[in-house]
Amino acid sequence: MPRKRIVIAATAAVVAIALGVAGFVLMNDANTDESAMTASPAAETATVTKTDLVERVETKGTLNHGKPATYGTQLTGTITSLAAPGSKLSVGTEMMRVNERPVFTMHGEVPAWRNFEEGMADGRDVMQLEQNLQALGYFEDEPDERYGWATASAVAEWQKDNGFEWSTTLEIGRVVFIPGDVQVSAQQAKVGDAASTSVLEVTGTSKVVTTEVPSSMRSLLPVGAKVDVKLPDGITTQAVVESVDPPVEKEDKSGQKSVKVPVQLSLTDAAAAEAYADVTVNVVTTRTIATGVLAVPVRALLAEPGGKYAVEVIKNGAATRVPVELGSFADDLVEITSGDLNEGDKVVVGE
């Protein structure tokens, strides 16, 4: 009976089998007791190398403008105009009109929660208002958290230039604070509806890649890590991990639940994805799991009784079976931690 070569796929599942299952026993006839035999001229070989073992992981992602957010106003009245889908909202942009009076966007993390007026308590919302008025050319002092006369006069001048009466009070809802520049993705209300806090759906102005990875892959994608993104046309571009959200439990179509980690990446070359929107892409990341180790292709492994392994080394035209001990696996390579094997040796690999 001819010898049988057991070819082991380099996957995490098979690695577990390779390390923990003793049932892979190579069945040989009596002739396989010989430690050396003439190598077949057609035998495929590979060179034993010292190298780094790099694990490559690929997952699906979506290329779009990111997770949408909804904004509106605390003003009461009737919506008489709305920014159109695709419109960009920035500092001082009109996002809608209520009773034919404009509502503006400004940058800031603190949402508007009170009127801005003389005598009000200090606060971070005051500083971000001053920063925006400074960007618009109305506030000349150093922004701080106090609503002083410089702030009040800047508010009055800005309002007057936008069609309001000269007033040092800015009512709540007249300005909507957004984290940064956004674009309108959808209208949640229509002209004629009552004003509310859910009027426009917006996304970022730049395309991003969003994906959800198993919690076991979380360490592969820290904030700032660089990864490759394969676009639908086959072009590969680079992206950087921008944010990693807390793990969430997800349920698939079959009802199976698993923990996923949402990850968002920004493209380093936005122009590469200009032709695409809401498409599936492949996110490819790698990590080095061992450096400078002796390695052979996984296909070179032969299963031995007792859950052990060997490789066939070509020496002087003959194939000699050499017992080996295994270390880390990565893609199609496996680390050899012990055995009569040296860098540069030729080993037989299976088909």
Specify the closest pair of heavy atoms between M217 and V57, including all atoms of both residues, with the distance to one decimal. CE-CG1, 3.2 Å

Could you pull out all donor-acceptor pairs under 3.5 Å where a side-chain atom in residues 239-252 meets a protein atom, sequence neighbours excluded?
unit_1, atom_1, unit_2, atom_2, d
E242, OE1, Q264, NE2, 2.7
K250, NZ, E212, OE2, 3.2
D252, OD1, S254, N, 3.0
D252, OD1, S254, OG, 2.7
D252, OD1, G255, N, 3.0
D252, OD1, Q256, N, 2.8
D252, OD2, S254, OG, 3.4

Nearest 0.5 Å please: distance from the CD atom of Q238 over to the CG atom of D228. 6.5 Å

Whether the N282 and K60 side chains hold a donor-acceptor pair (N or O, under 3.5 Å, no angle test) is what I'd like checked. yes

Considering all heavy atoms of both residues, which atom of T59 and which atom of V213 are nearest to each other, and what is their separation? CG2-CG1, 4.0 Å

Apply side-chain hydrogen bond (donor to acceptor under 3.5 Å, both in side chains) to T203 and list each qualifying residue two or more places apart in sequence or on a separate chain. none

Over all atoms of both residues, closest heavy-atom pair of A112 and I172: O-CD1, 4.0 Å

N/O donor to acceptor pairs below 3.5 angstrom from side-chain atoms of residues 285-296, sequence neighbours left out:
unit_1, atom_1, unit_2, atom_2, d
R287, NE, E55, OE1, 2.6
R287, NH2, E55, OE1, 3.0

Please round to the nearest 0.5 Å and tell me the distance separating atom OG1 of T49 and atom CG of D345. 11.0 Å

What one should report as the nearest heavy-atom pair of V261 and S215 is CG2-CA, 3.9 Å

side-chain hydrogen bond (donor to acceptor under 3.5 Å, both in side chains) partners of R56, counting only residues at least two apart: E58

For E109 and R124, run salt bridge (charged side-chain N to carboxylate O under 4.0 Å, His left out): C-alpha distance rounded to whole Å, both residues' side-chain angles, the deciding distance at 0.1 Å, then the answer. CA-CA 9 Å; E109 297 292 339; R124 291 185 300 138; over 6 Å; no

May I have all residue pairs that pass side chain to side chain donor-acceptor pair (under 3.5 Å) and include part of residues 129-144, sequence neighbours excluded? E130-T151, Y138-D161

With a 4.0 Å cut-off, would you call E157 and K160 a salt bridge? no

Rounded at 0.5 Å granularity, tell me how far OG in S196 sits from CD in Q74. 10.5 Å

Is the shortest side-chain heavy-atom distance between V347 and L341 below 4.5 Å? yes

Atom CD in E343, atom CD1 in I336: separation rounded to 0.5 Å? 13.5 Å

Pairs involving residues 92-108, ordered by first then second residue, that meet side chain to side chain donor-acceptor pair (under 3.5 Å) (sequence neighbours left out): T80-E100, E94-R97, H107-D181

I'd like to check the salt bridge (charged side-chain N to carboxylate O under 4.0 Å, His left out) partners of D125; sequence neighbours left out, ordered by chain and number. R114

Given side chain to side chain contact (heavy atoms under 4.5 Å, CB included), test Q183 with V202 step by step and report yes or no. CA-CA 5 Å; Q183 68 177 16; V202 302; over 6 Å; no

Ignoring hydrogens and geometry, is there a side-chain-to-backbone donor-acceptor pair from S153 to W149 under 3.5 Å? yes

If you define the side chain from C-beta out and look only at heavy atoms, does anything of H65 sit under 4.5 Å from S185? no

For K190, give me all partners under salt bridge (charged side-chain N to carboxylate O under 4.0 Å, His left out), at least two apart in sequence or on another chain. D193

Relative to each other, are the rings of F116 and F177 parallel, tilted or perpendicular (30° and 60° limits)? perpendicular

Counterpart residues, salt bridge (charged side-chain N to carboxylate O under 4.0 Å, His left out), relative to E325 (two or more places apart): none

What is the distance from atom CG of L63 to atom OG1 of T210, rounded to the nearest 0.5 Å? 8.5 Å

Quick one: side chains of residues 270-280, donor-acceptor pairs under 3.5 Å with protein atoms, not counting sequence neighbours, listed by atom name and distance.
unit_1, atom_1, unit_2, atom_2, d
Y276, OH, D233, N, 3.4
Y276, OH, D233, OD2, 3.3

For T47, give me all partners under side-chain hydrogen bond (donor to acceptor under 3.5 Å, both in side chains), at least two apart in sequence or on another chain. K346

Trace of the side chain to side chain contact (heavy atoms under 4.5 Å, CB included) decision for Q188 with T70: CA-CA 8 Å; Q188 301 284 18; T70 301; 3.9 Å; yes

According to ring pair (Phe, Tyr, Trp, His ring centres under 6.0 Å), who are the partners of F104, at least two apart in sequence or on a separate chain? W158

Checking L82 against L200 for the side chain to side chain contact (heavy atoms under 4.5 Å, CB included) test, could you report, in this order, the C-alpha distance in whole Å, the side-chain angles of both residues, the deciding distance, and whether it holds? CA-CA 8 Å; L82 281 171; L200 293 176; 4.1 Å; yes

Close side-chain approach of R299 and D332, heavy atoms under 4.5 Å: no

Should we say atom CZ of R218 is surrounded by more than 12 heavy atoms from elsewhere, each under 6.0 Å from it? yes

Are side-chain heavy atoms of V348 and E44 found at a separation under 4.5 Å? no

